[in-house]
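Values reported hereafter were calculated over all heavy atoms of this structure, with side chains retained and with hydrogens, waters and symmetry mates removed. Keep in mind the model is a prediction, meaning the values are calculated, not measured. Each chain gets a letter, A, B and so on, in the order its sequence line appears, and its residues count up from 1.
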Protein chains: 2
Amino acid sequence: MATTKRAVTIIDVAKAAGVSVSTVSRVLNNKDDVAEATFEHVRDVIDELGYSSSLAAKGMRSRSTNVVGLIVPDVSDPFANKVMRGVNQAIVEHHYDLLIYTNGNILDDISAAREQQYVSLLNNGLTDGVIIVTPSIGSFSSVGPVVAIDPHIHHPEAPAVISTNFKGAVAATQHLIDLGHRRIGFIRGRADLQSAIRRQQGYESALQKAGIPLDPALMVNGDFTRESGVPAAHQLFSLDPRPTAIFAANDQTAFGVLDVCETLGIRVPEELSLVGFDNIAEAAYCNLTTVDQFMDKMGYIGTKMLFDMIDGIPRQEYIYKIETSLVVRGTCSAIS
Amino acid sequence: MATTKRAVTIIDVAKAAGVSVSTVSRVLNNKDDVAEATFEHVRDVIDELGYSSSLAAKGMRSRSTNVVGLIVPDVSDPFANKVMRGVNQAIVEHHYDLLIYTNGNILDDISAAREQQYVSLLNNGLTDGVIIVTPSIGSFSSVGPVVAIDPHIHHPEAPAVISTNFKGAVAATQHLIDLGHRRIGFIRGRADLQSAIRRQQGYESALQKAGIPLDPALMVNGDFTRESGVPAAHQLFSLDPRPTAIFAANDQTAFGVLDVCETLGIRVPEELSLVGFDNIAEAAYCNLTTVDQFMDKMGYIGTKMLFDMIDGIPRQEYIYKIETSLVVRGTCSAIS
DNA sequence: CTGTTAGCGCCTTCAC
DNA sequence: GTGAAGGCGCTAACAG
């Protein structure tokens with residue numbers, strides 16, 4: 001790798017080509033008011049010098065960069081990962097490039113100020129618009145458009161894609177109730193996320209509608225990570241009588257429960273029925289019954305919305321709601 | 001979302017705080033030559049206005065941004081995805097941020113010029129260094145350091161992380177031979193990638209060492225995608241006699257083979273033994289015997305190397321080789 | 001068709 | 001300790 005001290009700039013190209021800087025700029029941006037010969041010549045020089053314009057400088061001056069930004073808390077997180085795939089697909093279709101920004105740590109509790117900062121960072125010249133995954137604030141001040149995926153707070157005028165967490169949780173719980181379960185444990189998600197709260201409400205609602213009294217002992221804390229599912233499961237299993245079913249606020253937490261079942265020798269679904277939420281890729285392989293909230297689609301739709309906003313196409317609706325859907329697989333059985 | 005027309009700039013902050021732009025800049029960069037009171041005051045104003053400095057402008061002027069760049073062909077690609085995780089982990093440990101750039105299409109055959117362009121794009125002010133996944137060229141001209149993960153060409157002086165593709169392929173093929181297989185099919189990877197070529201060489205070498213003659217009919221084309229595994233498998237299965245085993249150049253291709261087995265009713269491993277390469281997440285769930293090349297570790301190590309280079313720490317070795325390792329699972333059986 | 005000029009927002013000397 | 005001026009690489013008017 002030749003770590004050249006200085007990058008070759010538009011000025012270098014202009015000099016080498018014997019034209020002015022603006023001509024080079026015109027060639028760069030495919031303006032059609034350049035003589036054929038000049039155009040070709042400049043192109044050649046650009047290739048020869050291996051020149052590439054700096055996104056930084058370019059974005060600072062002009063308004064359009066043809067790239068969209070995506071802010072995720074953590075690239076490894078399955079939720080964020082699926083959203084990324086959806087976004088990826090959308091940008092390919094629109095011939096945009098994608099810039100993903102992350103500080104890498106989903107538990108690093110990004111403050112609202114920090115989120116706002118990231119949005120500004122990208123939308124201040126680098127990108128034409130940004131998508132932010134699970135932001136804690138619903139509204140951003142930004143030069144370019146912003147679409148939130150599963151935001152904590154729903155601001156009526158803030159474009160967002162959300163899923164029907166409540167309905168999904170009701171469906172999951174109802175499924176367990178239909179199978180005859182009465183003692184159904186619930187492992188919470190991150191308390192600061194709207195989606196987690198709605199899932200708990202769905203759980204409670206389904207129980208109450210079925211006339212099953214709420215038992216606080218059956219509701220334990222978790223934080224959406226696999227690790228948090230472990231102590232939660234232990235806590236639930238130490239109850240007497242043990243719950244016959246568990247609804248975990250997301251798939252990863254459910255996997256934590258599965259880990260505990262393995263070590264404790266509890267058979268699923270014979271001795272314990274289990275439902276997750278999200279339908280991440282691993283869920284299919286592990287045959288986990290769960291609720292699909294189509295995260296990839298959320299990313300895809302969100303990006304489409306963003307493109308409309310970038311193009312100045314007005315939308316009638318700024319909140320796009322995606323219907324969740326129960327995916328019945330092998331981790332639940334009827335009570336004997 | 002308040003799509004403010006204009007972003008709040010350092011000038012706005014300066015005015016609001018009643019100080020000069022340079023003072024604000026000093027506060028922003030935590031310089032210690034600012035009076036305590038002024039510092040606090042400016043900080044407050046910054047928070048109040050929700051100001052955040054533009055990465056674009058900042059990077060253009062100063063040399064350090066505290067973010068590393070990662071260039072991947074496609075965010076959805078399992079290989080790239082695993083590398084991303086490794087990089088993600090490394091940047092968390094070093095308190096850096098991460099900027100991932102992608103054009104989203106792995107098959108869009110990125111030209112060398114394009115790769116060089118992406119590298120410049122990021123290293124021209126936005127990032128302190130970049131990691132590029134499976135580049136077709138081995139050497140880049142760039143302001144900042146560049147580390148390649150699994151590059152097509154190994155340039156002796158270009159920092160790169162590679163895995164022992166040849167040895168891994170030998171191990172995989174040998175495993176099949178040890179189980180008694182003689183007619184072993186091979187599905188190639190993308191012909192333009194060094195790793196694919198090395199895997200084929202490993203396959204051929206193992207066969208020859210075992211005294212098994214090479215049969216061109218047993219070697220068919222693929223391109224590392226699951227889709228490409230389908231016609232390849234059909235082609236192999238149409239042979240008479242049919243191969244008793246297949247070594248696919250990567251896991252995704254192997255999944256394509258599995259898809260065909262399902263439709264054709266060919267039982268694995270009873271009627272066909274199958275080995276993949278990469279050990280992507282799905283491989284574990286599908287019980288696929290494969291070769292682990294520790295892609296996450298490649299990303300992690302590569303990022304570590306990059307940090308050393310950013311910090312100006314000299315390395316004795318610029319090519320880091322990661323040993324592959326055969327993972328025996330359930331898709332192979334001894335020939336009866 | 002092409003060159004000249006004026007900033008975009010920020011950081012870095014250099015004065016005070 | 002703080003402010004003023006210059007310039008990073010680029011594009012967008014405006015002239016010619």
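Between B/Ser20 and the phosphate of D/dG3, there is a side-chain N or O to OP1/OP2 separation shorter than 4.0 Å. Close to D/dG1, at under 4.0 Å from its OP1 or OP2, lies no side-chain N or O of B/Thr38.
The side chain of B/Ser25 lies closest to C/dC11, out of C/dC11, C/dT2, C/dT13. Considering only the side chain of B/Leu28, C/dC11 comes nearest among D/dG1, C/dC11, C/dG9. Comparing D/dC10, D/dT2, C/dC10 by their nearest atom to the side chain of A/Thr9 picks out D/dC10. Closest contact between the side chain of A/Lys58 and the listed nucleotides D/dT2, C/dG3, D/dC10 involves D/dC10. Out of C/dT4, D/dT11, D/dG3, the shortest distance to the side chain of A/Asn29 is found at D/dT11.
Atom CD1 in A/Ile10 sits about 13 Å away from atom C1' in D/dC8, given to the nearest Å. The CG-C1' distance, from A/Leu126 to C/dG9, rounds to 12 Å in whole Å. Regarding A/Ile11, its CD1 atom lies at a distance of 11 Å from the P atom of D/dG7, rounded to whole Å. When rounded to the nearest whole Å, the span between NZ of A/Lys15 and P of D/dG9 equals 11 Å.
Between the side chain of B/Thr23 and the base of D/dG3, no donor-acceptor pair under 3.5 Å is found.
There is no side-chain donor-acceptor pair under 3.5 Å between A/Ser52 and B/Gln116.
The aromatic rings of B/His94 and B/Phe307 lie parallel to each other, with less than 30° between the two planes, well short of the 60° mark.
Using a 4.0 Å cut-off between charged nitrogen and carboxylate oxygen, A/Asp192 and A/Arg190 count as a salt-bridge pair.
Mapping A/Lys31 and A/Met60 onto DNA chain D by nearest heavy atom places A/Met60 closer to the 5' end of the strand.
Within the 4.0 angstrom heavy-atom criterion, no nucleotide atom of any strand lies near B/Val21.
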